[in-house]
There are 4 protein chains.
Amino acid sequence: MGSTPRRGDTRQRIQDVALELFAERGYEKTSLREIAEHLEVTKAALYYHFKTKEDIVLSLFQDLGRPLDELIVWGEQQPRTLETKLELLRRYSAALDIGEPLMRFMQENQATVRELSIGQIFKNRMFAMSALIRDPEAPMVDQVRSVTALFSMHARMFALQAIEGNAEDKRKAVLEVALDLVKQAHASSAHG
Amino acid sequence: MGSTPRRGDTRQRIQDVALELFAERGYEKTSLREIAEHLEVTKAALYYHFKTKEDIVLSLFQDLGRPLDELIVWGEQQPRTLETKLELLRRYSAALDIGEPLMRFMQENQATVRELSIGQIFKNRMFAMSALIRDPEAPMVDQVRSVTALFSMHARMFALQAIEGNAEDKRKAVLEVALDLVKQAHASSAHG
Amino acid sequence: MGSTPRRGDTRQRIQDVALELFAERGYEKTSLREIAEHLEVTKAALYYHFKTKEDIVLSLFQDLGRPLDELIVWGEQQPRTLETKLELLRRYSAALDIGEPLMRFMQENQATVRELSIGQIFKNRMFAMSALIRDPEAPMVDQVRSVTALFSMHARMFALQAIEGNAEDKRKAVLEVALDLVKQAHASSAHG
Amino acid sequence: MGSTPRRGDTRQRIQDVALELFAERGYEKTSLREIAEHLEVTKAALYYHFKTKEDIVLSLFQDLGRPLDELIVWGEQQPRTLETKLELLRRYSAALDIGEPLMRFMQENQATVRELSIGQIFKNRMFAMSALIRDPEAPMVDQVRSVTALFSMHARMFALQAIEGNAEDKRKAVLEVALDLVKQAHASSAHG
DNA sequence: CATGAATGAGTCTTCATTCAT
DNA sequence: CATGAATGAAGACTCATTCAT
């Protein structure tokens with residue numbers, strides 16, 4: 001019917017459009033007017049579904065961040081073995097795929113995120129992930145290796161654009177490098 | 001003293017304050033009013049020295065980005081050996097130290113930077129660095145290793161906060177990991 | 001009463017006040033703040049109804065200029081006789097009465113109008129009117145007579161202030177002079 | 001010598017550029033910065049020669065308006081004959097040629113001029129001219145004819161653009177029509 | 001569920017003007 | 001004669017937010 005008014009899913013649609021625009025043009029530069037226009041509703045309609053602009057981000061963070069939270073919970077229940085760490089990386093890679101726009105938004109709007117109420121939550125998550133992957137007793141080089149493994153997986157969103165090849169191949173290569181880094185960290189620490 | 005009007009250095013002082021605030025609170029959220037107030041001048045004074053707000057960023061980018069440009073020029077004149085790549089990383093590490101606030105700003109305001117006129121220049125710089133460090137003929141995993149080496153050095157600005165230890169030690173550890181990654185990339189490709 | 005918030009007519013009221021002020025004090029010297037204050041609303045309210053300041057002028061031009069456009073359409077459908085021309089002048093005189101403030105604004109802010117997007121439209125209108133009233137084959141003196149007939153009718157807005165007498169008498173006199181000019185142009189051309 | 005610094009004629013050059021820009025883009029929209037840039041001097045330099053922006057206009061008005069003032073003085077000393085009126089028109093036509101940019105400026109920035117201190121002076125001049133050309137005892141139609149004669153000569157600056165032909169021919173035609181109008185006014189009044 | 005209308009605070013930017021040098 | 005540096009006031013415009021309907 002062309003402009004059939006979707007009922008009930010407006011909240012979802014707001015989130016979709018908002019995330020897309022936030023990731024693409026930045027949180028501050030994306031106005032509620034733009035979001036409303038993309039959805040062909042009025043700004044006031046947004047306020048029926050969300051209390052504030054920040055609230056939209058918050059909801060995105062909560063909804064899309066769940067996989068990561070679950071991953072952390074899972075990780076904390078596993079034995080601290082090498083295999084656990086490798087599996088954590090594999091699952092993290094998969095989680096990044098799904099939550100890519102959110103991650104891109106976080107990555108590209110760090111300064112903004114820090115001021116938002118989610119800032120701390122986000123930081124905590126990252127610390128938790130980092131705590132699962134590295135061994136605080138290990139030599140610093142090995143800890144750096146582990147954190148780099150984690151961090152490097154974010155690189156595929158932009159730093160790897162220079163490299164030719166399809167996205168799936170890159171994803172695999174990045175994961176391989178990350179797994180390698182953790183293995184090296186583990187091996188080295190085991191010797192010490 | 002106190003409110004002595006410094007002569008001639010106003011432009012410099014604007015740049016200093018602007019960079020600090022842009023890096024800390026983000027480009028969009030930093031208003032010219034704030035910058036002016038920090039300097040105890042009027043907004044209009046800023047416009048005497050810079051045509052627009054973007055112009056301030058541009059000037060920062062040009063002034064502080066020079067070391068990086070010089071590094072790229074240097075790199076392009078060297079033979080494409082492993083040792084060159086290692087030296088590039090070492091110098092890159094040093095350059096990051098000096099241009100740290102700028103880099104932090106770039107890192108944390110990517111969405112903004114992309115829309116600014118410096119966006120493309122910045123991207124080109126990164127591509128140029130990446131082209132110097134990786135071998136486009138090498139297997140993808142090795143290319144990823146090289147780019148990760150580069151990229152990981154940015155991590156020390158925030159991802160490594162979780163790790164205990166002083167900044168200098170971290171800097172060294174990060175560099176070591178990066179050098180290692182490039183060596184691995186090189187060794188593996190040499191075999192292939 | 002008093003500060004009763006009139007509903008629905010705000011747009012109209014903005015146009016009224018704006019036209020009055022633009023005509024009186026000039027477009028550039030009339031700020032949106034002034035318009036808003038006259039209406040006892042905020043500047044932002046103006047922006048709810050009009051996208052830009054220029055947009056207000058544009059809307060005035062479109063709404064109040066319609067009689068003139070219709071007159072041109074009418075003229076283009078008539079035979080090119082003397083009587084048509086005389087009737088055109090009579091109707092033009094009447095149209096000027098109605099759209100007087102707009103015409104005064106146009107007349108007094110020509111430099112501004114030229115830079116606005118309406119400039120060209122305005123010019124086209126005037127050319128169209130002029131094309132209806134003069135005969136491009138006629139001797140130049142007669143063409144000038146015809147255009148002068150048209151143009152002189154604008155004079156009553158200011159050049160005739162020096163003459164004593166009431167407005168209605170002046171209007172008639174101006175029309176008579178204009179009709180005369182066109183008759184002369186016609187007679188002379190007919191002989192040649 | 002390329003950028004030879006003209007000495008002593010800066011004041012004159014400011015007037016020239018200012019008039020040109022005022023006439024072209026309007027008084028309000030022409031900033032002192034623009035004028036200064038056109039002259040390749042600083043804004044502050046303008047203030048050495050003129051106390052204010054309005055002062056520039058004032059000086060233009062005084063310097064370039066002199067021919068008109070002299071014409072008025074001349075007219076007031078002549079007998080009030082038809083021939084005097086015709087000569088007034090001829091001289092007025094010539095004066096318009098010389099002071100054309102100023103006249104264009106006046107014509108196109110009426111709203112602005114009215115607010116400036118020259119407004120009244122300008123009005124007085126026009127009244128004086130009008131008083132010389134028309135007979136306050138004559139029937140209104142004839143007074144209108146006379147004033148139209150005067151007023152119509154301004155038309156050549158824009159209303160006559162539609163007519164093909166070179167500027168000099170138009171000038172002559174306009175003058176002829178104007179002379180005619182005054183003759184008619186005179187003849188008619190003489191009969192009454 | 002959603003809109004129309006409006007607000008208050010704030011944005012970047014421009015301007016005419018000043019004055020010590 | 002002229003400039004470099006600065007100011008105070010104001011400009012147009014945008015934004016997140018509110019609320020009666």
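Convention: sequence-line order gives letters A, B, ...; per-chain numbering from 1. Quantities reported herein were computed from a predicted structural model and do not represent experimental measurements.
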Between P on E:dC12 and NZ on B:K29, what's the gap in Å once rounded to a whole number? 13 Å
Distance in angstrom units between C:L46 CG and F:dT14 P, rounded: 13 Å
Return the nucleotide paired to E:dT21: Watson-Crick means purine N1 to pyrimidine N3 with N6-O4 or O6-N4, wobble means G-U with N1-O2 and O6-N3, both under 3.5 Å. F:dA2
Can you identify which nucleotide, out of E:dA16, E:dC12, E:dT3, has its nearest atom closest to the A:V41 side chain? E:dT3
By nearest-nucleotide position on DNA chain E, the 5'-leaning member of B:Y27 and B:A44 is B:Y27
For E:dA16, does either OP1 or OP2 sit under 4.0 Å from a side-chain N or O belonging to D:T52? no
Geometric cation-pi criterion A:R11 and A:Y48, 6.0 Å radius, 45° cone: no
Is it possible for you to check whether D:K53 lies under 6.0 Å from the centre of the six-membered ring of D:Y47, through NZ or CZ, and within 45° of that ring's axis? no
With the side chain defined as heavy atoms from C-beta on, D:T42 is closest, among E:dT7, F:dT3, E:dG4, to F:dT3
Atom-to-atom span, OH of C:Y48 to C1' of F:dT14 - whole angstrom: 16 Å
Look at C:H49 and E:dG4 and indicate whether a side-chain polar atom (N or O) is within less than 4.0 Å of OP1 or OP2. no
Would you check if D:P101 and D:E20 make a side-chain contact, meaning some heavy-atom pair closer than 4.5 Å? no
Tell me, do A:E100 and A:R104 make a side-chain contact under 4.5 Å, heavy atoms counted? yes
When you check the phosphate oxygens OP1 and OP2 of E:dT14, does a side-chain N or O of D:S31 lie under 4.0 Å from one of them? no
Return the 5'-most residue of the pair D:A45, A:E34 with respect to DNA chain F, ranking by each residue's nearest nucleotide. D:A45
Check the distance between F:dA12's C1' and C:I56's CD1 and give it to me in whole angstrom. 11 Å
Separation of F:dA9 P from B:R33 CZ (nearest whole Å): 17 Å
For C:T10 and E:dA6, is the shortest distance between a side-chain N/O and OP1 or OP2 below 4.0 Å? yes
Of the listed nucleotides (E:dA16, F:dA6, F:dA12), which one gets closest to any side-chain atom of C:K53? F:dA12
Would you say the side chain of C:I56 lies within less than 4.5 Å of the side chain of C:K51, judging by non-hydrogen atoms? no
Does the Lys NZ or Arg CZ of A:R66 fall within the cation-pi geometry relative to A:F61 - under 6.0 Å from the ring centre and within 45° of the axis? no
Send over the distance from D:L21 CG to E:dA16 P, rounded to a whole Å. 12 Å
Please give, in whole Å, the distance from E:dA2 C1' to A:F50 CZ? 15 Å
Quickly work out the B:K43 NZ to F:dG11 P distance and round it to whole Å. 13 Å
Taking atom C1' in both F:dT21 and E:dC1, what distance in whole Å separates the two? 13 Å
I want to verify a distance call: between E:dC12, F:dC13, F:dT17, whose nearest atom is closest to the A:Y47 side chain? F:dT17
Considering every strand shown, what is the Watson-Crick or G-U wobble mate of F:dT7 when both distances are under 3.5 Å? E:dA16
